[in-house]
Amino acid sequence: MIIGIDIGSTTTKAVSVEEVPGSGTDDRRRVIRKIKTRAEDAVTSATGAFGKMIVENNIRMTDIERIMITGAGAGKLTGNLFGIPTEKVDEIRAIGIGGMFQARRENIIITNIGTGTAIIDAQRDSIVHLGGSGVGGGTIQGLAKKLLPTTDFNGIMELAAAGDLGQVDLRLGDIMDTWLSFLNRESTASNFGKMLDSARNEDIALGIINMVYQVIGMLSVFAAKSRNTGRVVVTGNGSDNPLGKRVLAELTGMYKIEFEYPADAAYTTAIGAGLSFAGF
Ligand SMILES: Nc1ncnc2c1ncn2[C@@H]1O[C@H](COP(=O)(O)OP(=O)(O)OP(=O)(O)O)[C@@H](O)[C@H]1O
Ligand SMILES: [Mg+2]
């Protein structure tokens, strides 16, 4: 068994990856268990996630062949963990391999929405970091801290669900009577460019979510177009956001780029780290 650990800037994810005897070549590797934790420092969160995985699943230490570590905090760990051979994996490579495994195909564009956002072109023999943005889940939480009465993610989403974008965003219909190329009256001309005095917390929450996913979505659209593909695989904790998905769906309507959300996309990077083990 291989354990993949992704020490992200906000959360640490651990998965176990095993070969399944007797199954077809494509399905021979299975992700069996998944754990998510949060801790102040890298070593505590990595060892904590690992320990939780072992204890909750009655895993025998002798069954673990290797621990594969990636993510922003990976550099903080030196040497082997608990006497088990431990290897570092480049985070971009881990996202690429995990994304291809979850999408069940190669030659894909992956947009990983974590604390920040990374966009990756993943092919079987070449995984390239196209770029990204500091706009991501951390942006939502940081802005919420100063602008909203809650930093709890569910609380932010509840507020946003009742929001009215017309209170905060300047839309094309506010400034023009006609369409501007393919943009209609509802299209955003300037995020937070209107900000009426009557704007409520609900409206601001929705404005934040809308802005973050519009930025990430447009970067993804340009990345996909630059690689002549019509699809983008979305991963990271930020991929599981109903309002964010709605914003991305609007971009699909405008730019004809489809967004795809694999199951367990919060674990893509950890899974990719586990699958990077050369023995697989
Ligand atoms: N439902 C959600 N929608 C959007 N963002 C979310 C959601 N739940 C959590 N987040 C945000 O996702 C971020 C954590 O995501 P993830 O665990 O993928 O990132 P990370 O791996 O720690 O960071 P990075 O990959 O950028 O180093 C946090 O900033 C958190 O605020
Ligand atoms: Mg991450």
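Both ligands and their constituent atoms are indexed starting at 1 by order of listing. The figures here come from the full heavy-atom set of this structure, side chains too, leaving out hydrogens, waters and symmetry mates. Just so you know, residue 1 is the first one in the sequence shown, and it goes up from there. The structure displayed is predicted, hence computed values, not measured ones.
In summary, the atoms of ligand 1 found under 4.0 Å from a heavy atom of Gly236, numbered by their order in the structure, are 18 (O). Annotation for ligand 1: atoms under 4.0 Å from non-hydrogen atoms of Tyr213 are 3 (N), 4 (C). Every atom of ligand 1 is numbered from 1 in the order shown, and the set under 4.0 Å from a heavy atom of Gly137 is 11 (C), 29 (O), 31 (O). Each of the atoms 13 (C), 15 (O), 16 (P), 18 (O), 19 (O), 26 (O) of ligand 1 lies under 4.0 Å from some heavy atom of Gly114. Using a 4.0 Å cut-off to heavy atoms of Glu91, the atoms of ligand 1 that qualify are 25 (O). When each atom of ligand 1 is checked for a heavy atom of Gln141 under 4.0 Å away, the hits are 30 (C), 31 (O).
Annotation: atom 21 (O) of ligand 1 to nearest protein heavy atom, Lys13 NZ, 2.9 Å. Looking only at heavy atoms of the protein, atom 27 (O) of ligand 1 is closest to Ser9 OG, 2.4 Å. The protein atom (non-hydrogen) at minimum distance from atom 3 (N) of ligand 1 is Asn241 ND2, 2.8 Å. Scanning the protein heavy atoms around atom 17 (O) of ligand 1, the nearest turns out to be Thr11 OG1, 2.3 Å. Given atom 18 (O) of ligand 1, the protein heavy atom at minimum distance is Asn237 N, 2.9 Å. Protein heavy atom closest to atom 1 (N) of ligand 1, with residue, atom name and distance, is Asp240 O, 3.0 Å.
Evaluated by nearest non-hydrogen atom to atom 22 (O) of ligand 1, the leading choice among Asn154, Thr10, Ile209, Thr235 is Thr10. Of the listed residues (Thr117, Thr115, Thr268), the one carrying the non-hydrogen atom nearest atom 23 (O) of ligand 1 is Thr115.
Cluster membership check: Ile108 does not share its hydrophobic cluster with Val221, using side-chain heavy-atom separations under 4.5 Å among Ile, Leu, Val, Met, Phe, Trp and Tyr. In this structure, Val234 is not a member of the same hydrophobic cluster as Ile120, with clusters built from ILVMFWY side-chain heavy atoms closer than 4.5 Å.
A side-chain N or O of Thr268 and one of Gln102 form a donor-acceptor pair less than 3.5 Å apart.
The CZ atom of Arg185 sits 8.0 Å away from atom CG of Asp174, with the distance rounded to the nearest 0.5 Å.
Inter-residue side-chain proximity for Ile113 and Tyr213 is flagged as met; some heavy-atom pair is nearer than 4.5 Å. Counting heavy atoms from C-beta on, the side chains of Ile127 and Ile92 come closer than 4.5 Å. Side-chain atoms of Leu219 and Thr117, non-hydrogen and from C-beta on, never get closer than 4.5 Å to each other. Looking at heavy atoms from C-beta onward, Phe259 lies out of side-chain contact with Arg231 at the 4.5 angstrom threshold.
Considering backbone and side-chain atoms together, Phe153 places no N or O closer than 3.5 Å to any N or O of ligand 1. Taking any N or O of Gly138, backbone or side chain, at least one lies under 3.5 Å from an N or O belonging to ligand 1.
Using a 30° and 60° split on the angle between ring planes, Phe182 and Tyr255 fall in the perpendicular class, above 60°.
A donor-acceptor pair under 3.5 Å links the side-chain atoms of Ser16 to the main chain of Arg33, judged by distance alone.
Under a 4.0 Å heavy-atom criterion, Gly136 is not in contact with ligand 1.
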Full working for side-chain hydrogen bond (donor to acceptor under 3.5 Å, both in side chains) between Lys36 and Asn237: CA-CA 11 Å; Lys36 213 189 284 185; Asn237 260 313; 3.0 Å; yes

